[in-house]
Amino acid sequence: MEPQLAEPSPKGSRKVILQGNEACAKAAIYAGCRFFAGYPITPSTEIIEFLSSEMISVGGTFIQMEDEIASACAIVGARWGGKKAMTATSGPGFTLMQETIGYAAVTETPVVIVNVQRGGPSTGQPTMSSQQDIYQVKYGSHGDYEIIAMTPSSVQEMYDFTIRAFELSEKFRTPVILLADEVVGHMREKVTIYEGEKAIRGGHRNYVVSPQEDFYTGGNCLVEGQLHDEEGMRIGHLPSKSGEFIRSICGKIQNHIDEIQDVQSYFMEDADIAILAYGSVSRSALNAVKQAKGIKLSADEKEGKLRFLKKLVRKKSAEENPYSHLNVGLIKVNTVWPFPEKQIRRLAAKCRYVFVPEMNNGKYCREIERCLKECKVISLPKIGGEMHSPAELLESIAKEVKEDE
Amino acid sequence: MNRLMERYLRLDALPTLFCAGCGNGIIQYAAISAIENLGIRKDTALVSGIGCSSWIPCYLNMDVMHTTHGRALAFAQGLKLARPGKKVIVFTGDGDCLAIGGNHLLHACKRNIDITVILVNNHIYGMTGGQKSPATPENAVTKTSPFGAYDEPMQGAEIAMSLGATYVARWTAAHPVQLQKSIEAGIKHKGFSLIEVISQCPTQSGKSVYGNKDPAFIINYLKQNSFIYKEGMEEPSGRIKCGILLHDNDKPEYIERMENKTEQYRKRL
């Protein structure tokens, strides 16, 4: 399955070389975002830098706030003023935003929040990559709510997923998180971008409970952080109505998972070993799968790759391929939350092994273990700030399979 | 019911959460009257944080955002920046604005962004049951200052002046007419305006601060123990300083400054 590009606008498209963070910022403008509030933090800073002028040239509003708390609050405020709004941050700032993410979820406010992950905890590793926020993105704010989170693995996906994030947030009236990482944030690649502005339609009234009229339109809209009814009136003291409200804001996402989910598969038709990866790690994983199959990298993929890697591939395929016995494919999860359980189960139905490489201590693999009971789920955590190399992945897989035989 | 109140209140939301004798009703009415007199109901949004005073706008039939603790000013600034031509009024309390929201107050004042803040100071955390706030007077025995408060109390209005707000006034719940006029002036003022209202909380500060839970007693106390400041006057000590404390029309407003700068940039494009 090839990556699905966002539909081109009637004004056409062009190919350019962009950095991931820059692509995200450009996509926001294309998606109609006209308000950005943020606070500088490595490794997301290029987004706020780029938008400090770009937002002005398209007639939007940019403000550097006093902290990430204020940034998240300001975008929610701006959205009720009728402007599509976004902020971008990294680990420590994302932690500060959690309270407001909960507020956006409960008030059903569509906003996009970009988290370019770095190593944690605390100040952690400001300049290194990680996927350690995979649980924070879902469980970070207190209480029960559902979140949509997308994990780009390339600059093109930084662009496309940002547009998709705005579409999903507007449709389901909910905060959407673009869960990028330092690798995709800072890498430069050739991407297709679109001219003009995409018209993104608003939400379906059936999905939401809360009042939804933009301010100053005569709607007398009461936006309330306490659990509330259709009029915005508090119901937090009423157990049955409160339960219903929570079921509703969770249900509007859980019940539309088929529409929200984006899971790609590569060479999974007859594979009995799967690598399940998300974000930048899925690039290594795809490379590993191709090496095992003795497939030369396509012309497109060769572009921008380091020369020694090409040599390595040529050498491997010329000699005997030590991994040719591994019948391995890739499941690439683009929407990590809501958890695309059915889709993963369907794709991994014939697998004996599912390997889950992640740049953290082994987190998402717990979800995979829970949903795949028939096969062996093996976590391949890597902490320290570097991605798994394809060779590392193949060695770990070969070792595990050999031990079992 | 008062005709004006009837037109503004969400009648099906009544009764309010406020205790009998609370100052919030006086402040609510002053704000409604100001909005009505200026004829800006449809062009005004109300934003509040968490605490008793932050419930004031929630009973009004207007665009209202009841946000998280301390953050009202951050939400309000986002809204104002998105719709510079419209009005934003923030309702906040001494805990909401001066403790947890202090950083946002600092930066909103410094920006001199065109927002009007009504800071309801009842000297205590009322909703959580009577704990010490940043404005609690020294020696007041509250649930979290059992030996008497020993922090120096914060003065909301003076802090706002020192941080760069350009219209600052203070009144008490015993000055409803002056309060309404100041709210009107604050809304009309182009820049950051803050109107502090010393308000009675008979339930909590009645017990902890005034030693008397009778609302009428506290209102009388506020009336007798305050003075209206006039420039150059000798200030009596130990009494609440009321009046228009600052009105500066010269400092440019934030969005104006932003637009001036970006206009130059757009021209260069």
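Numbered from 1 within each chain, the chains take letters A, B, ... in sequence-line order.
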Practice problem: Name the region of B:L17, side chain, backbone, both or neither, that has any atom closer than 4.5 Å to a heavy atom of chain A. | Solution: side chain
Quiz item: So B:F18 and B:Y59, ring-ring contact (aromatic ring centres under 6.0 Å, His included) or not? Walk me through it.
Solution: CA-CA 11 Å; B:F18 310 144; B:Y59 300 99; 5.7 Å; yes
Quiz item: For chain A, which of B:I50, B:D63, B:L79 has the most heavy-atom pairs under 4.5 Å?
Solution: B:D63
Practice problem: Could you look at A:L222 and say if it's the side chain, the backbone, both or neither that has a heavy atom under 4.5 Å from chain B? | Solution: both
Self-check item: Residue B:K80 versus chain A: region with a heavy atom under 4.5 Å
Solution: neither
Quiz item: If you count heavy-atom pairs under 4.5 Å with chain A, which of B:F75, B:Y265, B:Y254 comes out on top?
Solution: B:F75
Quiz item: For chain B, which residues from residues 82-106 of chain A lie under 4.5 Å away (heavy-atom distances)?
Solution: A:K83, A:E99, A:T100, A:Y103
Quiz item: So does A:R34 pair up with A:E197, basic N to acidic O under 4.0 Å?
Solution: yes
Quiz item: Going from SG on A:C73 to CG on A:D67, what distance comes out if it is rounded to the nearest 0.5 angstrom?
Solution: 8.0 Å
Self-check item: side-chain contact (heavy atoms from CB on, under 4.5 Å) partner of B:I35, chosen from B:I89, B:L60, B:I183
Solution: B:I89
Self-check item: Most chain A-contacting option - heavy-atom pairs closer than 4.5 Å, from B:K42, B:Q77, B:R111, B:H66
Solution: B:H66
Quiz item: Heavy-atom distance under 4.5 Å to chain A: side chain of B:N61, backbone, both or neither?
Solution: both
Exercise. In plain terms, say whether A:D229 and A:R234 are close enough for a salt bridge, that is, a side-chain N and a carboxylate O under 4.0 Å apart.
Key: no
Quiz item: Given the options A:P211, A:G232, A:S53, A:S71, which has more heavy-atom pairs under 4.5 Å with chain B than any of the others?
Solution: A:S53
Quiz item: Is chain A contacted by the side chain of B:T44, its backbone, both, or neither, given a heavy-atom distance below 4.5 Å?
Solution: backbone
Quiz prompt | Residue among B:M258, B:H107, B:H69 with most heavy-atom pairs under 4.5 Å to chain A | solution = B:H107
Quiz item: In Å and rounded to the nearest 0.5 Å, what is the CG to CZ distance from A:L178 to A:F166?
Solution: 9.5 Å
Quiz item: Does any heavy atom of chain B fall under 4.5 Å from the side chain of A:M65, the backbone, both, or neither of them?
Solution: both
Quiz item: In terms of side-chain heavy atoms, does A:W80 have a donor or acceptor partner in A:T109 at a distance below 3.5 Å?
Solution: yes
Practice problem: Identify which of A:I75, A:I56, A:T217, A:T61 forms the greatest number of heavy-atom pairs closer than 4.5 Å to chain B. | Solution: A:I56
Exercise. Identify which of B:R41, B:K110, B:H104 forms the greatest number of heavy-atom pairs closer than 4.5 Å to chain A.
Key: B:H104
Quiz item: Is the closest basic N to carboxylate O distance between A:R14 and A:E195 below 4.0 Å?
Solution: yes
Quiz item: What do you reckon, is NZ of B:K251 surrounded by more than 12 foreign heavy atoms closer than 6.0 Å?
Solution: yes
Quiz prompt | Basic-acidic side-chain contact under 4.0 Å: B:K87, B:D43 | solution = no
Quiz item: Does B:E263 come within less than 4.0 Å of B:K267, counting only side-chain N to carboxylate O?
Solution: yes
Quiz item: Is there side-chain contact between B:M1 and B:L11, with heavy atoms separated by less than 4.5 Å?
Solution: yes
Self-check item: B:N260 side, atom CG; B:I255 side, atom CD1 - distance, nearest 0.5 Å
Solution: 12.0 Å
Quiz item: Roughly how far, to the nearest 0.5 Å, is CD1 of B:I115 from OG of B:S193?
Solution: 9.0 Å
Exercise. Using non-hydrogen atoms and a 4.5 Å limit, figure out which bit of A:E231 sits close to chain B: side chain, backbone, both or neither.
Key: backbone
Exercise. Report the option among B:V47, B:V88, B:L81, B:V64 that has the most heavy-atom pairs separated by less than 4.5 Å from atoms of chain A.
Key: B:V64
Quiz item: In terms of heavy-atom proximity below 4.5 Å to chain B, should A:Y216 be classed as side chain, backbone, both, or neither?
Solution: both
